[in-house]
Amino acid sequence: MADWEFRPASAADGEAVAELRAVVMRPDLERLGRYDEQRVRQRLRDGFTPAHTWMIEVGGAFAGCVALRPAKDTYWLEHFYLDPELQGKGIGSAVLRRLLEQCDREDAVVRLNVLQGSPARRLYERHGFTVETEDPVDVFMVRQPVSAWRSSGGSI
């Protein structure tokens, strides 16, 4: 696995993230008949909050991003995009593991949504996320903190 690190996001990172989102999401959105060249970027611009976002760098270069947005009694894992050239190399798992460890220390539930049929769903399932609800486009997933798993007799 390549060495990676986080750095806090800034407003100036928004366009790079919007472009990466368009590249990463294109295959799934096209498969679902929902790809729109402008909308895929604008949705990121409309929801980009640097205060809750970390940039992922590999070798000092932009490689992706992830957001962990606090909400009532939970965190929402959002905008988790990694350069396709770096996917499948363990970086996404390492990033997710670090964020979930933080959430476990806070005894926090984590939620996310992923597109139907996205290979990212397997990553989330490997890290303890389960399906909460779904519709024809989105799968909404939830992960209880490790303390909740242990107290209910579950295992990691």
Side-chain angles (χ1 to χ4, degrees), residues 1-71 74-104 106 108-144:
M1 177 178 66
D3 288 334
W4 64 275
E5 60 187 16
F6 279 139
R7 73 163 171 79
S10 71
D13 292 314
E15 284 307 306
V17 173
E19 288 304 312
L20 180 60
R21 181 181 196 268
V23 169
V24 169
M25 293 191 68
R26 186 174 191 145
D28 287 328
L29 289 170
E30 285 180 340
R31 180 180 39 76
L32 293 167
R34 300 183 64 90
Y35 184 77
D36 177 295
E37 185 113 6
Q38 300 307 315
R39 186 169 186 249
V40 70
R41 290 169 176 82
Q42 192 59 48
R43 285 197 61 174
L44 182 283
R45 291 177 189 122
D46 293 344
F48 184 67
T49 307
H52 303 300
T53 305
W54 292 271
M55 305 305 288
I56 303 164
E57 294 186 340
V58 173
F62 170 63
C65 71
V66 63
L68 195 61
R69 180 178 53 85
T74 194
Y75 280 102
W76 278 91
L77 182 71
E78 301 174 318
H79 307 305
F80 190 6
Y81 310 117
L82 189 61
D83 184 313
E85 296 292 318
L86 297 170
Q87 292 177 13
K89 300 181 186 301
I91 297 168
S93 286
V95 166
L96 189 54
R97 195 167 29 255
R98 185 178 297 174
L99 292 174
L100 294 175
E101 286 168 358
Q102 172 189 327
C103 293
D104 287 343
E106 296 179 26
V109 171
V110 181
R111 288 186 159 76
L112 60 81
N113 70 296
V114 63
L115 291 172
Q116 286 283 3
S118 172
R121 178 176 170 171
R122 290 189 304 276
L123 170 69
Y124 300 131
E125 289 171 338
R126 284 194 310 269
H127 288 272
F129 284 87
T130 59
V131 174
E132 193 168 38
T133 61
E134 58 186 299
D135 62 34
V137 176
D138 292 301
V139 179
F140 293 87
M141 302 182 82
V142 63
R143 179 188 177 271
Q144 299 298 321

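Under the 4.5 Å side-chain criterion, counting only non-hydrogen atoms from C-beta, F129 is in contact with L100. Using a 4.5 Å heavy-atom threshold, the side chains of R26 and V40 count as separate. Within the 4.5 Å cutoff, the side chain of L96 has heavy atoms near those of the L77 side chain. Looking at R121 and V131, their side chains come closer than 4.5 Å, going by heavy atoms from C-beta outward. Residues W4 and R98 form a side-chain contact, since some pair of their non-hydrogen atoms from C-beta on lies under 4.5 Å apart.
With sequence neighbours left out, the side chain to side chain donor-acceptor pair (under 3.5 Å) criterion links N113 to D138. The side chain to side chain donor-acceptor pair (under 3.5 Å) search around D135 returns none, not counting sequence neighbours. Take A12 and apply the side-chain contact (heavy atoms from CB on, under 4.5 Å) test, not counting sequence neighbours, and it matches S10. Every salt bridge (charged side-chain N to carboxylate O under 4.0 Å, His left out) that E19 has, sequence neighbours left out, goes to R41. The side chain to side chain donor-acceptor pair (under 3.5 Å) search around R69 returns E78, not counting sequence neighbours. Applying the salt bridge (charged side-chain N to carboxylate O under 4.0 Å, His left out) test to R31 and every residue at least two apart in sequence or in another chain returns D28. With sequence neighbours excluded, no residue forms a salt bridge (charged side-chain N to carboxylate O under 4.0 Å, His left out) with R34. For E134, the side chain to side chain donor-acceptor pair (under 3.5 Å) partners at least two apart in sequence or on another chain are Q116.
Taken from CG in L44 to CD in Q42, the straight-line distance is 9.5 Å, to the nearest 0.5 Å. Taken to the nearest 0.5 Å, the CZ atom of R43 stands 5.0 Å off from the CZ atom of R39.
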Only pairs under 3.5 Å count here: list side-chain donor-acceptor contacts from residues 79-86, not counting sequence neighbours, and write none if there are none.
residue	atom	partner	partner atom	Å
H79	ND1	Y81	OH	3.4
H79	NE2	G47	O	3.4
Y81	OH	R21	NE	2.9
D83	OD1	E85	N	2.7

Distance-only donor-acceptor pairs under 3.5 Å for side chains of residues 48-58, two or more places apart:
residue	atom	partner	partner atom	Å
T53	OG1	T49	O	2.8
E57	OE2	R7	NE	2.7

**Report entry** side chain to side chain contact (heavy atoms under 4.5 Å, CB included) between V110 and Y124, worked out
**Finding:** CA-CA 11 Å; V110 181; Y124 300 131; over 6 Å; no
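The existence of a salt bridge linking D104 and R143 is confirmed by a sub-4.0 Å separation between a basic side-chain nitrogen and an acidic carboxylate oxygen.
Between C65 and V17 the shortest heavy-atom distance is SG-CG1, 3.4 Å. Closest approach of S93 to L123, counting heavy atoms only: OG-CD1, 3.3 Å.
Applying the salt bridge (charged side-chain N to carboxylate O under 4.0 Å, His left out) test to residues at least two apart or on different chains, the pairs with a partner in residues 108-118 are R111-E132.
Counting only N and O atoms by type, the side chains of Y75 and E106 include a donor and acceptor under 3.5 Å apart.
Under a 3.5 Å cut-off, the side chain of T133 and the backbone N or O of F140 do not form any donor-acceptor pair.
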